[in-house]
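Each chain gets a letter, A, B and so on, in the order its sequence line appears, and its residues count up from 1. The structure displayed is predicted, hence computed values, not measured ones.
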Amino acid sequence: MVHPRALAYTASHLDGLIPDEAELTAGVRVEPRKSYGFFTDTTRCIGCKACEVACKEWNLLPADDLRLTGMSYDNTAALSASTWRHVAFIEKIGDGEGRATEMAPFQSNWLMMSDVCKHCHNAPCLEACPTGALFRTEFDTVVVQQDICNGCGYCVPACPFGVVELSLVDGKAHKCTLCYDRLKGGLEPACAKACPTDSIQFGEIGELQQRAKTRVDQLHELGVDGAYLYGVPGSPGATGDLGHLNAFFLLTDTPEVYNLPERPSRASNRVGPSLVSGLAAVAGLMLGAIVFFGRR
Amino acid sequence: MNDVPAISRAPYGREAKYALVPAAAEKVETYYGQPQLKPSHYGFRVALYIFIAGLSGAAQLIATSADLAGGDRHRNLVRRGRYLSLLAVGLGPPLLIWDLHTPQRFYNMLRIFRPTSPMSIGTYVLSGFSLSSLVTAAAQFLADRGDGPGWGRVARVIEIPAALAGAGMTTYTAALLAATSTPLWAAAPRALAVQFAGSSIAAGAAALALCEEADSESAATQRLELLGMAATATELAGAFFAGRRYRHVGVAPSTALDRPWGAIHRVGAIALGAALPLALLTARRVGNRPRSRPGMTASLLAIGGSLLLRWSVIQAGNDSARHPEESLRFASGEDPG
């Protein structure tokens with residue numbers, strides 16, 4: 001279905017940006033003070049890695065080491081400072097008990113998932129950042145300001161998903177920006193635009209969550225009983241006070257299979273209990289000290 | 001000892017087809033054994049800072065307590081405590097700035113205050129401690145030189161905020177580690193803070209006791225040793241409860257003896273660095289032999305143990321982040337809080 005406005009831009013050369021291009025490509029206008037994110041439907045992923053390539057090209061990210069990991073078709077291995085989309089390949093053939101002799105009924109039982117920064121509602125990386133380099137944008141996404149980050153590295157262990165990483169090239173923390181620059185220009189993020197099967201969908205969170213629930217119902221009707229959402233309120237991933245995840249997923253196996261934690265938690269909830277107990281212990285010992293030193 | 005609890009699973013999808021039986025709970029499926037988390041880059045530099053921050057904070061706290069409780073009787077101890085607190089003032093900021101990956105932007109730490117970030121809290125605790133400790137030590141120095149009676153009073157006033165900031169210095173570093181997603185650090189926020197508090201004060205008391213011993217002032221030494229015993233006992237209690245939490249949430253393998261940092265943590269930091277000095281000091285009190293070798297040995301062990309505790313907790317924590325079965329198991333339980 002082509003947006004009627006798209007017919008005004010049929011030439012191969014364009015003089016400038018198409019105003020609100022995201023409306024033509026993703027059916028949504030990008031406006032400040034609204035929440036945007038990704039719905040990654042893993043049942044639609046074909047493992048083409050176009051998202052990885054589109055991300056690297058748009059964001060001018062350096063290539064990673066060229067190597068074979070031996071992990072199915074996944075030679076990217078993990079998200080990193082220079083890799084902001086990562087397609088995981090899980091071969092569910094044989095169930096780890098030797099070679100299977102018959103195929104399970106669903107697809108090829110080869111699971112693929114394009115992983116990305118979750119842009120958490122209560123983002124632990126942002127809450128840990130002591131410089132304010134990590135901030136929440138007007139599109140409700142979480143971005144590292146490269147001109148402020150001083151490379152303290154505290155956001156790295158704070159992230160419950162292992163997303164943020166320090167680059168040893170420039171000494172700053174890097175992660176997915178949800179294409180902050182493209183959103184400012186009214187464009188859909190590069191990975192979502194490049195995805196040929198709409199496994200990665202960009203949009204407003206409320207609308208995306210609705211779309212995702214409809215998709216789960218549809219899959220259940222088709223017999224994919226294991227389909228569920230990861231990162232919408234009340235589901236795995238959106239636990240421990242993290243709130244919802246602005247980049248959420250439709251999965252068909254347990255979260256661990258995709259290297260996702262089942263019940264991630266909000267790190268800053270541990271500041272209070274830790275400080276209070278520590279200071280209480282110190283106070284007790286100092287009372288003891290005053291008694292010891294007061295005695296004649 | 002492997003009493004990992006059964007993971008209670010939410011039924012996923014339309015059917016509860018992934019409700020795991022308790023027997024399978026220990027075997028966590030991972031993604032080709034790839035780490036699920038990224039470990040911090042913190043190592044010896046940060047461990048050394050945490051140790052120095054704890055020791056200096058404790059020295060200021062002890063000096064202030066002795067000054068408040070004993071007044072002039074502990075004059076020498078108070079002076080040494082005030083000077084010893086300058087260790088963190090002089091070495092703390094350089095160590096922390098050295099650990100940044102873009103050190104020329106260290107001042108960005110002072111751009112904002114973020115109460116959800118112990119790193120940000122610590123920036124201001126260290127700044128406040130440095131300022132008040134410098135003033136206290138300078139006033140002490142001027143009073144000793146006989147530059148008027150007013151300086152002694154200045155020290156008596158500023159030592160209060162210095163001691164309060166010192167209390168922060170001894171413990172905020174535990175919150176710094178606990179408020180992350182690194183399984184071992186996040187597993188026991190309260191017990192880790194109690195351990196750090198006890199270890200800091202034990203190290204501070206031991207360092208001051210060594211100075212006293214060199215000066216053969218047994219009255220203050222005995223009191224410092226009593227405080228050291230209480231602090232070490234507190235640290236061991238924290239270690240006991242932390243160990244229980246580690247087993248409960250399934251991160252105990254990172255502190256097990258078969259991993260290098262686990263062995264260093266258990267043998268070096270806890271057995272030799274806390275339990276042995278406590279035993280030596282207790283034996284000395286029971287045997288009623290003041291001023292003998294065991295006192296100095298205990299002090300040196302307590303100081304070394306305090307550094308080793310921080311280093312081994314940091315490294316074993318990084319190790320726990322590298323093991324996906326540990327982090328996924330940890331993140332399948334209830335919010336540790």
Side-chain angles (χ1 to χ4, degrees), chain A residues 71 77-78 88 90 124 127-133 148-154 156-160 162 164-166 171-172 220 225-228 236 240-241 254 256-259 261-265 267-271 273-275 277-279 281-282 285-286 288-290 292-294, chain B residues 10 12-15 17-18 28-29 31-32 34 36-38 40-41 61-62 65-66 68-70 74 100-102 105-106 108-109 111-112 114 116-120 123 167 170-171 174-175 178-182 186 189-190 193-194 196-197 201 223 226-227 230-231 234 328 331-332 335 337:
Chain A
M71 294 159 28
I90 301 120
E127 293 184 329
C129 179
T131 64
I148 292 177
C149 176
N150 65 9
C152 76
Y154 194 41
V156 176
C159 175
V164 202
E165 194 182 46
L166 275 175
K172 318 280 188 307
H220 286 174
D225 289 335
Y228 67 96
D241 220 12
T254 56
E256 289 85 10
V257 167
Y258 301 89
N259 216 8
E262 184 189 10
R263 302 172 64 91
S265 58
S268 66
N269 279 359
R270 294 185 272 273
V271 176
S274 191
L275 278 182
S277 331
L279 291 175
V282 170
L285 285 168
M286 281 309 111
I290 287 176
F292 297 147
F293 288 115
Chain B
Y12 295 138
R14 189 153 63 173
E15 286 173 24
K17 73 187 268 197
Y18 297 109
V28 180
E29 208 162 346
Y31 182 69
Y32 302 102
Q34 279 286 307
Q36 183 256 317
L37 295 172
K38 301 237 179 329
S40 79
H41 74 270
L61 275 167
I62 294 168
S65 312
L68 290 179
H74 303 301
L100 297 177
H101 281 73
T102 308
R105 289 188 186 168
F106 74 91
N108 276 358
M109 292 284 187
R111 248 182 110 240
I112 58 163
R114 195 162 258 167
T116 53
S117 168
M119 180 88 84
S120 183
T123 303
T170 57
T171 53
T180 63
S181 295
T182 295
R190 293 183 184 85
V194 172
F196 276 27
I201 293 177
R223 286 152 214 250
L226 267 178
L227 178 61
T234 307
L328 288 169
S332 65
D335 193 2

How close do [X] and [Y] get, heavy atom to heavy atom, and via which atoms?
| X | Y | value |
| --- | --- | --- |
| Ala179(B) | Tyr154(A) | O-OH, 3.6 Å |
| Leu279(A) | Ala167(B) | CD2-O, 3.6 Å |
| Ala197(B) | Val282(A) | CB-CG2, 3.6 Å |
| Ser332(B) | Glu262(A) | CB-OE1, 3.4 Å |

Taking the side chain from [X] and the backbone from [Y], do they hold a donor-acceptor pair closer than 3.5 Å?
| X | Y | answer |
| --- | --- | --- |
| His101(B) | Gly171(A) | no |
| Ser117(B) | Ala128(A) | yes |
| Ser274(A) | Pro189(B) | yes |
| Arg111(B) | Thr131(A) | yes |
| Arg270(A) | Ala175(B) | no |

With sequence neighbours excluded, residues passing side-chain contact (heavy atoms from CB on, under 4.5 Å) with Ser40(B)
Pro157(A), Tyr42(B), Trp185(B), Asn318(B)
Checking heavy atoms, do the side chain of [X], its backbone, both or neither come under 4.5 Å from chain B?
| X | result |
| --- | --- |
| Ile290(A) | both |
| Pro160(A) | both |
| Cys159(A) | backbone |

Apply side-chain contact (heavy atoms from CB on, under 4.5 Å) to residues Lys38(B) and Leu166(A) and explain how you reach the verdict.
CA-CA 10 Å; Lys38(B) 301 237 179 329; Leu166(A) 275 175; over 6 Å; no
Apply the test side-chain contact (heavy atoms from CB on, under 4.5 Å) to residues Glu256(A) and Tyr31(B): give CA-CA distance (whole Å), side-chain angles for both, the deciding distance (0.1 Å), then the verdict.
CA-CA 7 Å; Glu256(A) 289 85 10; Tyr31(B) 182 69; over 6 Å; no
Most chain A-contacting option - heavy-atom pairs closer than 4.5 Å, from [options]:
| options | result |
| --- | --- |
| Leu37(B), Ile62(B), Asn108(B) | Asn108(B) |
| Ile112(B), Thr170(B), Thr234(B), Val194(B) | Ile112(B) |
| His41(B), Gln36(B), Met119(B) | Gln36(B) |

Let me confirm one number: the [atom1]-[atom2] distance from [X] to [Y], rounded to the nearest 0.5 Å.
| X | Y | atom1 | atom2 | answer |
| --- | --- | --- | --- | --- |
| Asn150(A) | Leu100(B) | CG | CG | 4.5 Å |
| Ile90(A) | Glu29(B) | CD1 | CD | 9.0 Å |
| Asn259(A) | Tyr32(B) | CG | OH | 11.0 Å |

Any [X] side-chain heavy atom under 4.5 Å of [Y] side chain:
| X | Y | answer |
| --- | --- | --- |
| Arg114(B) | Glu127(A) | no |
| Leu61(B) | Leu285(A) | no |
| Leu68(B) | Phe293(A) | no |
| Ser65(B) | Phe292(A) | no |

Which atoms of Thr182(B) come close to chain A, meaning under 4.5 Å heavy atom to heavy atom: side chain ones, backbone ones, both, or neither?
both
Where does Leu226(B) contact chain A at under 4.5 Å (heavy atoms): side chain, backbone, both or neither?
both
Among the options Gly132(A), Ala133(A), Pro124(A), Ala281(A), pick out the one with the most heavy-atom pairs lying under 4.5 Å from chain B.
Gly132(A)
